[in-house]
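Scroll down for the structure; my scribbles are underneath it.
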Amino acid sequence: MHDAANPIPREAAIAAVDEAIRSRQSVRAFLPTPVGRTTVEELLRLASRSASGSNIQPWRVRVIAGDAKIRLTQAIFDAVAHDGFEPYQREWNYYPVRWREPFLGRRRKIGWDMYSLLGVAKGDFEGTQQARMRNYEFFGAPVGMIFTLDEDLEIGSWLDLGIFLGSIMIAARGHGLHTCPQAAFADFHGVIRPLLNIPENEVIICGMALGHIDRDASVNALETERADLDAFATFDGL
């Protein structure tokens with residue numbers, strides 16, 4: 001069966017989309033294999049079809065690679081070496097101020113699982129810090145992205161940006177690439193702004209690594225659990 005607007009057979013199209021969603025993971029070790037600008041542009045064009053309230057398309061993206069990416073990483077490393085992490089805080093809260101279940105348990109579970117794969121034992125402060133710093137190298141990915149929103153936009157635009165980020169991650173899988181969304185970059189907004197010419201009226205929301213997965217890296221064997229359907233969905237009249 002063919003759709004006039006889509007020459008791919010319906011069954012094949014369903015299978016391709018399902019596989020892209022199922023195979024998406026937050027990759028924390030990438031190969032240095034380059035990703036061309038044309039590919040990145042295509043992914044962003046695809047993602048720009050994401051839904052947004054009244055089609056305002058609020059997202060902004062700075063794509064960096066090569067020397068530009070190295071400079072950003074080094075600037076953050078230098079800031080941490082000089083000041084530690086404490087002075088660097090994001091401009092917004094990602095997580096709840098007071099943790100509760102089931103969210104606390106889920107957070108702890110993925111943390112324990114990931115550090116176990118990395119060989120970082122509980123109480124290993126140095127190992128934990130080394131793992132944390134890998135964020136700012138985009139986990140070795142050849143392409144990094146920094147996402148912002150204008151500061152006067154409201155929560156609906158944050159939702160729009162989330163949809164856009166998800167679309168990039170799924171589109172990447174269609175091109176044989178992997179990603180890792182990284183809120184960690186928001187902590188270093190003061191370091192990042194001058195390097196990427198981001199004005200003060202834009203809020204730095206997150207970064208994202210893009211590249212080819214290193215399948216030999218143990219951390220990429222991390223399997224995140226998902227709640228059963230009845231834990232988050234109800235049906236009435238269906």
Side-chain angles (χ1 to χ4, degrees), residues 26-28 58-64 68-115 118 120 122-141 143-166 168-169 179-210 219 224:
S26 292
V27 165
R28 292 179 175 86
W59 42 77
R60 296 178 187 270
V61 192
R62 273 76 171 185
V63 182
I64 55 174
K69 187 170 73 70
I70 292 171
R71 283 194 297 271
L72 186 144
T73 294
Q74 190 59 55
I76 294 175
F77 273 47
D78 290 346
V80 173
H82 188 268
D83 304 315
F85 284 100
E86 188 61 31
Y88 300 101
Q89 302 292 329
R90 64 198 63 174
E91 300 172 281
W92 50 278
N93 288 329
Y94 191 108
Y95 295 112
V97 175
R98 293 182 178 85
W99 282 94
R100 59 182 174 82
E101 297 298 346
F103 312 117
L104 179 59
R106 291 172 182 170
R107 185 192 194 203
R108 285 175 171 167
K109 175 72 165 59
I110 192 174
W112 291 331
D113 289 350
M114 183 180 69
Y115 285 122
L118 290 168
V120 178
K122 188 174 182 180
D124 181 357
F125 177 77
E126 183 178 348
T128 301
Q129 291 298 82
Q130 288 176 353
R132 182 177 183 180
M133 293 303 289
R134 286 287 289 160
N135 267 286
Y136 306 111
E137 297 176 305
F138 292 93
F139 299 113
V143 175
M145 291 178 274
I146 299 294
F147 298 86
T148 70
L149 288 173
D150 289 0
E151 65 178 358
D152 60 341
L153 295 176
E154 297 292 347
I155 193 169
S157 293
W158 290 67
L159 295 173
D160 295 341
L161 176 60
I163 297 169
F164 178 68
L165 294 170
I168 293 173
M169 290 185 274
T179 55
C180 185
Q182 300 169 270
F185 282 101
D187 291 334
F188 290 90
H189 56 90
V191 176
I192 294 171
R193 286 184 193 282
L195 289 173
L196 301 185
N197 297 314
I198 297 174
E200 290 292 332
N201 68 338
E202 290 182 38
V203 180
I204 294 176
I205 309 299
C206 67
M208 183 182 290
L210 172 71
V219 70
T224 55

Out of curiosity, [X] [atom1] to [Y] [atom2], how far, rounded to the nearest 0.5 Å?
X	Y	atom1	atom2	result
Ile155	Leu149	CD1	CG	11.5 Å
Arg71	Leu195	CZ	CG	8.0 Å
Tyr95	Arg107	OH	CZ	5.5 Å
Leu196	Ile204	CG	CD1	7.5 Å
Arg132	Asp187	CZ	CG	6.5 Å
Ile192	Asn197	CD1	CG	13.0 Å

Inset, instruction - Determine whether Val63 and Val143 make a side-chain contact, defined as any pair of heavy atoms from C-beta on separated by less than 4.5 Å. - result: yes
Inset, instruction - Flag the pair Pro58 / Leu153 as yes when at least one side-chain heavy-atom distance between them is below 4.5 Å, and no otherwise. - result: yes
Quick check: closest heavy atoms across [X] and [Y], and the distance to 0.1 Å?
X	Y	result
Ala183	Cys206	CA-CB, 3.9 Å
Cys180	Arg28	SG-CG, 4.4 Å
Pro87	Asp83	CD-O, 3.5 Å
Met208	Gln182	C-OE1, 3.7 Å
Trp92	Val203	CD1-CG1, 3.8 Å
Ile146	Gly207	CD1-CA, 4.0 Å

Inset, instruction - Assess whether side-chain contact (heavy atoms from CB on, under 4.5 Å) is satisfied between Phe164 and Leu161, documenting all intermediate values. - result: CA-CA 5 Å; Phe164 178 68; Leu161 176 60; 4.0 Å; yes
Legend entry - side-chain contact (heavy atoms from CB on, under 4.5 Å) assessment of Trp59 paired with Ile205: CA-CA 10 Å; Trp59 42 77; Ile205 309 299; over 6 Å; no
Legend entry - Whether over 12 other heavy atoms sit under 6.0 Å from Phe77 CZ: yes
Legend entry - Atom CD of Glu154 with >12 non-hydrogen neighbours under 6.0 angstrom: no
Legend entry - Check: His189 side chain, Tyr88 main-chain N or O, donor-acceptor pair, under 3.5 Å: no
Legend entry - Side chain Arg193, main chain Glu202, donor-acceptor under 3.5 Å: yes
Legend entry - Phe185: ring-ring contact (aromatic ring centres under 6.0 Å, His included) partners, not counting sequence neighbours: Tyr136, Phe138
Legend entry - Residues Asp150, Arg60; criterion side-chain contact (heavy atoms from CB on, under 4.5 Å); working and verdict: CA-CA 9 Å; Asp150 289 0; Arg60 296 178 187 270; 3.1 Å; yes
Inset, instruction - Test Val80 against Phe188 for side-chain contact (heavy atoms from CB on, under 4.5 Å), laying out the working first. - result: CA-CA 10 Å; Val80 173; Phe188 290 90; 3.6 Å; yes
